[in-house]
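What follows is a single structure, written as structure tokens, with notes after it.
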Amino acid sequence: MTTKIRIGTKGAMASALAGLALIANPAAAQGTPPPSDAWTFTLSPYVWFSGLGGEVTGPHGGESFTADFGDIFGTMKFSYMGLAEARRGNFSIVTDIMYLNLQQGVPVPGLGAYSGGSARTQSVEVSAIGLYTVADGSAGRIELGGGIRGWWFDTELTLDAGRLPGRTQNASTSWVDPVISARGVLRLSDRFSVTAYGDIGGFGVGSEFTWQAFGTVDYQVTESISVSAGFRWIHIDYDKGSNNVALDMGGPIIGASWRF
């Protein structure tokens, strides 16, 4: 069975995928730096606005589906995204988990061959990235590093009985990508800063190629709390055996960070 999954931005607010997540560390980008031998931790819940579309293809044909803002909130079973960062001196460890479980009805062609259908998609992303500060000053800092990012996709297409008996198609695939990454922080004032992050990977080890990028404008509310707004993109090109995943996910993000 061949699995094709495509996820793309539907627009700004009108086609949003909202999930709680933990990402980046604008709170750590500003404020008084802690002593170099002290550990600090940052959590940043945010809302990510992105649309969802997919295609499942098997021996008996395929079905496609899309979801906009209303579709997602009406059909979401469960969604969780979370990142945590631990920092000591010039070294940071960043871990990220993203889980989506969506289910919705799909159009069924065939003049009554099937009475209806539904598609369920589950996806999990887990990453662990190490970053080291190579430049730091009053204007900001630059960090370089790398790590791994793993993905798991499971798709189930159910066709309800009509003139033909009902049937279900399943497809599942998983892999791990090596990635190299960079992050930069530009301090605009005592309270405002800009954070940018990017990574590339895959290199044929897991996927053929993958990249991620996000940028935020951050405002320091207190020494340990900040708010942010920006944009995030993820791209995957995976093609191994009978499994093909082409994924593009992007949209605006807003959120807050807490450092302790």
- Message: Quick one, Asp96 with Val94, criterion side chain to side chain contact (heavy atoms under 4.5 Å, CB included). Give me CA distance, side-chain angles, the key distance, then yes/no.
- Response: CA-CA 7 Å; Asp96 179 60; Val94 183; 5.6 Å; no
- Query: How about Glu85 and Ser92: does a side-chain donor come under 3.5 Å of a side-chain acceptor?
  - Reply: yes
- Task: Check whether Val179 and Ile142 end up in the same hydrophobic cluster, where Ile, Leu, Val, Met, Phe, Trp and Tyr are linked by side-chain heavy atoms less than 4.5 Å apart.
- Result: no
- Message: Atom CG of residue position Leu144 - does it have more than 12 heavy atoms of other residues, nucleotides or ligands inside 6.0 Å?
- Response: yes
- Query: Looking at OG1 of Thr158 and CZ of Arg167, how far apart are the two atoms once the value is rounded to the nearest 0.5 Å?
  - Reply: 10.0 Å
- Message: Phe41: which residues meet the ring pair (Phe, Tyr, Trp, His ring centres under 6.0 Å) condition with it, sequence neighbours left out?
- Response: Phe260
- Task: Start with the C-alpha distance between Ile253 and Phe231, add both sets of side-chain angles, then the distance that settles side chain to side chain contact (heavy atoms under 4.5 Å, CB included), and finish with yes or no.
- Result: CA-CA 5 Å; Ile253 58 174; Phe231 206 94; 6.0 Å; no
- Message: Using only atom types and a distance under 3.5 Å, with no angle test, would you say the side chain of Arg191 pairs donor to acceptor with the backbone of Gln220?
- Response: yes
- Message: Do Phe209 and Val176 land in one hydrophobic cluster if side-chain heavy atoms of ILVMFWY residues count as linked below 4.5 Å?
- Response: no
- Do the charged groups of Arg149 and Asp199 touch, with an N to O distance under 4.0 Å? yes
- What distance separates Thr210 OG1 from Glu208 CD, expressed to the nearest 0.5 Å? 11.5 Å
- Message: Please report the interatomic distance CD(Gln212) to CD1(Ile129), rounded to the nearest 0.5 Å.
- Response: 8.5 Å
- Message: Taking the ring of Tyr219 and the ring of Phe192, is the distance between their centroids below 6.0 Å?
- Response: yes
- Query: Hey, any chance Val227 and Val194 share a hydrophobic cluster, counting ILVMFWY side chains that come within less than 4.5 Å of each other, even indirectly?
  - Reply: yes
- Please identify each residue that fulfils side chain to side chain contact (heavy atoms under 4.5 Å, CB included) with Thr133, with sequence neighbours left out. Arg87, Asn90, Asp136, Arg141, Glu143
- Taken in chain and number order and not counting sequence neighbours, the residues that satisfy side chain to side chain contact (heavy atoms under 4.5 Å, CB included) with Ser138 are none
- Message: Restricting to side chain to side chain contact (heavy atoms under 4.5 Å, CB included), what partner residues turn up for Val205, sequence neighbours left out?
- Response: Pro178
- Task: Under the side chain to side chain contact (heavy atoms under 4.5 Å, CB included) rule, what do Ser181 and Leu131 come out as? Steps first, then yes or no, please.
- Result: CA-CA 8 Å; Ser181 51; Leu131 294 168; 3.6 Å; yes
- Task: For Glu125 and Tyr99, test the side chains for any donor-to-acceptor distance below 3.5 angstrom and give the result as yes or no.
- Result: no
- With sequence neighbours left out, what residues match Ala213 under side chain to side chain contact (heavy atoms under 4.5 Å, CB included)? Trp211, Trp233
- Query: Trp258 pairs by side chain to side chain contact (heavy atoms under 4.5 Å, CB included) with which of Ser44, Pro45, Ser224, Ser226?
  - Reply: Ser224
- Task: Without swapping roles, check the side chain of Lys240 against the backbone of Ser207 for a donor-acceptor pair under 3.5 Å.
- Result: no
- Message: Please determine whether side-chain hydrogen bond (donor to acceptor under 3.5 Å, both in side chains) holds for the pair Trp152 and Ser172, giving the CA-CA distance in whole Å, both sets of side-chain angles, and the decisive distance to 0.1 Å.
- Response: CA-CA 7 Å; Trp152 173 76; Ser172 180; 3.2 Å; yes
- Message: Under the rule for side chain to side chain donor-acceptor pair (under 3.5 Å), what residues qualify as partners of Trp175, not counting sequence neighbours?
- Response: Asp177
- Message: Using modelled atom types and a 3.5 Å cut-off, is there a donor and acceptor pairing between side-chain atoms of Ser115 and backbone atoms of Ala161?
- Response: yes
- Which atom of Ala229 lies closest to which atom of Ile254, heavy atoms considered: CB-CG2, 4.0 Å
- Task: Given side chain to side chain contact (heavy atoms under 4.5 Å, CB included), test Ser193 with Asp218 step by step and report yes or no.
- Result: CA-CA 5 Å; Ser193 68; Asp218 316 311; 3.4 Å; yes
- Query: Would you find a donor on one side and an acceptor on the other, under 3.5 Å apart, between the side chain of Arg183 and the backbone of Tyr197?
  - Reply: no
